Amino acid sequence: MTSCQVQGASSESIMMDRFSDLPDEIGHHIISFLSDSLRNLIQVGAVSKRCRKLYLSVPSIIIDASSVADCTKLRVRLLNSWDRYLFHRGNNKIERLSIYWVFRTSWEAKISDEYFRVTTWIQNAVRCNVEVLHLDLNQYDLRMTVVLPSCIFLCRSLRTLSVNLYMGKIQSPNLSFSSNLHYLKLKYVRLKDDGIFKWISYSCKCIKELHLEKVIGIKDIKIESSSLESFSLLLPFQNYELWDLSISAEKLEDICIYWQFDSRRDSKFHLLPRIRSLNLFAPKLKKFKWSGNFLNHHHLGNLMCLEEADIFLMPDLDDSSNLFEVLCSICMVKVLTLNEETTKVRTNALQTMKSFYVAIWHVTANTIW
């Protein structure tokens, strides 16, 4: 062996030793820049035993098939690759799992197989004590409905859950189990009943943020929480399902509501017009944004800590009494923002508010959201 070869081998061993001596946290951080591609992870794992150990224990996993074409061979290859990878990981902890999957094929048997495998991956993450779970599962207008596995709600390690099911279903969790969730977001989800909100109220004692976007199938939302700090509700345009929204949260500081409908069309859906109501108990509320329609009943309580309020409502007829009731509840707010439609209800209602600065911005509903 020549001196140059000896020096080259020595340099290579030194570099490998340097990487081998790195703490797992640093090694995982380096590999995390490649974790968005399974192919990259596999290539890293083939470099050395140390790299294989790190690639099989990387804490964050992203499974993205949203851009995979409707090609049976490609999709089967991808499914098999992730199956093998998760099998070889064993019980190594998964801190974060993100799945972006589109069920494209029109062959029912293939759809069932894909759904079974994706569900198995989720169950695997639960078994490996996942802490952050993001699921974006699209059935692509096929004759199927994605149902979220119930084991997710039994995961004690889970802290953050974000779900987009494109109108897939969520079964109501068992009230007897105590969850450690801090953050929950449901988007394009179909609920069978209000069981999920009872579960949040009775079993989620640590939850701090709750966000509901385009959630359908619910008549009443009632939430009681001693830990909730932020809440948002963005209903589908012209929502006729929800009747009552009631929130009791002593630590709630930020709330955002978009609830729009046309009450004149109620007769097309029911014989009698619906009675819609909003009830809040949030003594520490600081930011309040409400867009949509005036309701039949409002009870906002005394919001003594309110700093900012954005009221963007679209009155049907003469809603001056409703507006006055709302303004009385937020009379201690420092900055109030109203849209033009709200101010037209009755501008003299503002004359009763003497103790704070009112900023009126003339904007349209299109500029709000």
Side-chain angles (χ1 to χ4, degrees), residues 22-45 50-68 78-79 81-102 114-115 117-138 146 148-166 168 170 173 177-189 200 204 206-213 227 229-230:
L22 290 176
D24 287 351
E25 293 78 8
I26 298 179
H28 285 149
H29 179 71
I30 295 174
I31 295 180
S32 68
F33 293 100
L34 306 173
S35 62
D36 60 337
S37 169
L38 178 59
R39 182 176 181 180
N40 291 338
L41 281 177
I42 294 175
Q43 290 175 342
V44 170
R50 170 62 171 164
C51 289
R52 178 174 175 80
K53 177 183 177 181
L54 290 173
Y55 119 93
L56 289 177
S57 60
V58 63
S60 180
I61 301 175
I62 301 176
I63 302 177
D64 190 353
S66 58
S67 59
V68 178
L78 181 61
L79 286 164
S81 297
W82 278 113
D83 282 344
R84 285 194 299 270
Y85 173 74
L86 293 174
F87 173 78
H88 289 302
R89 277 187 65 99
N91 294 323
N92 285 328
K93 181 177 175 58
I94 300 176
E95 293 183 3
R96 179 187 297 266
L97 174 63
S98 300
I99 300 180
Y100 304 88
W101 198 270
V102 179
E114 288 191 11
Y115 175 73
R117 296 203 194 189
V118 171
T119 302
T120 302
W121 300 341
I122 297 173
Q123 293 171 344
N124 188 305
V126 171
R127 178 172 56 84
C128 295
N129 298 319
V130 65
E131 296 181 7
V132 179
L133 186 59
H134 177 81
L135 303 176
D136 193 293
L137 308 178
N138 190 350
V146 175
L148 197 66
S150 59
C151 66
I152 293 176
F153 301 104
L154 302 177
C155 183
R156 291 187 177 274
S157 61
L158 193 61
R159 298 294 183 271
T160 297
L161 176 60
S162 177
V163 178
N164 184 356
L165 295 185
Y166 297 87
I170 290 183
F177 179 77
S178 179
S179 171
N180 294 317
L181 268 180
H182 289 186
Y183 176 97
L184 175 61
K185 180 178 181 180
L186 303 179
K187 181 178 180 180
Y188 288 108
V189 168
I200 293 172
C204 298
C206 303
I207 193 165
K208 296 182 181 298
E209 294 187 46
L210 174 61
H211 304 287
L212 307 174
E213 182 176 347
S227 60
E229 297 177 359
S230 178

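Please read these numbers as outputs of a predicted model, since none were measured by experiment.
At least one side-chain heavy atom of I61 sits under 4.5 Å from a side-chain heavy atom of R89. Considering only heavy atoms from C-beta on, W121 comes within 4.5 Å of L86 through its side chain. L97 places a side-chain heavy atom less than 4.5 Å from the side chain of I63. Using a 4.5 Å heavy-atom threshold, the side chains of R117 and D83 count as touching. A heavy-atom distance below 4.5 Å is not found between the side chains of T120 and W82. A heavy-atom distance below 4.5 Å is not found between the side chains of W101 and D64.
Closest approach of R156 and S178 over heavy atoms only: NH1-O, 4.1 Å.
Taking NZ from K185 and NE2 from H211, the interatomic distance works out to 7.5 Å, rounded to the nearest 0.5 Å. Here the straight-line distance linking atom OG of S179 with atom CD1 of I200 works out to 9.5 Å at 0.5 Å rounding. To the nearest 0.5 angstrom, L210 atom CG is 10.5 Å from S227 atom OG.
Scanning for side chain to side chain contact (heavy atoms under 4.5 Å, CB included) contacts around H182 gives R159, C206, with sequence neighbours left out. Under the side chain to side chain donor-acceptor pair (under 3.5 Å) criterion, N180 pairs with no residue at all, not counting sequence neighbours.
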Query raised in the report: Checking side-chain contact (heavy atoms from CB on, under 4.5 Å) for the pair L158/F153: CA distance, chi angles, key distance, verdict?
Result: CA-CA 8 Å; L158 193 61; F153 301 104; over 6 Å; no

Query - Test log, rule side-chain contact (heavy atoms from CB on, under 4.5 Å), inputs I122 and I152 - result: CA-CA 8 Å; I122 297 173; I152 293 176; 3.7 Å; yes

Listing, residues 125-137 side-chain donor-acceptor contacts under 3.5 Å, not counting sequence neighbours, or none:
unit_1, atom_1, unit_2, atom_2, d
R127, NH1, N91, OD1, 2.2
E131, OE2, K93, NZ, 3.3
H134, ND1, S162, OG, 3.1
D136, OD1, Y166, OH, 3.1
D136, OD2, N164, ND2, 3.4

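Residue Y183 places its OH atom among more than 12 non-hydrogen atoms of other residues, nucleotides or ligands, all under 6.0 Å distant.
Not one N or O on the side chain of N138 forms a donor-acceptor pair closer than 3.5 Å with the backbone of L165.
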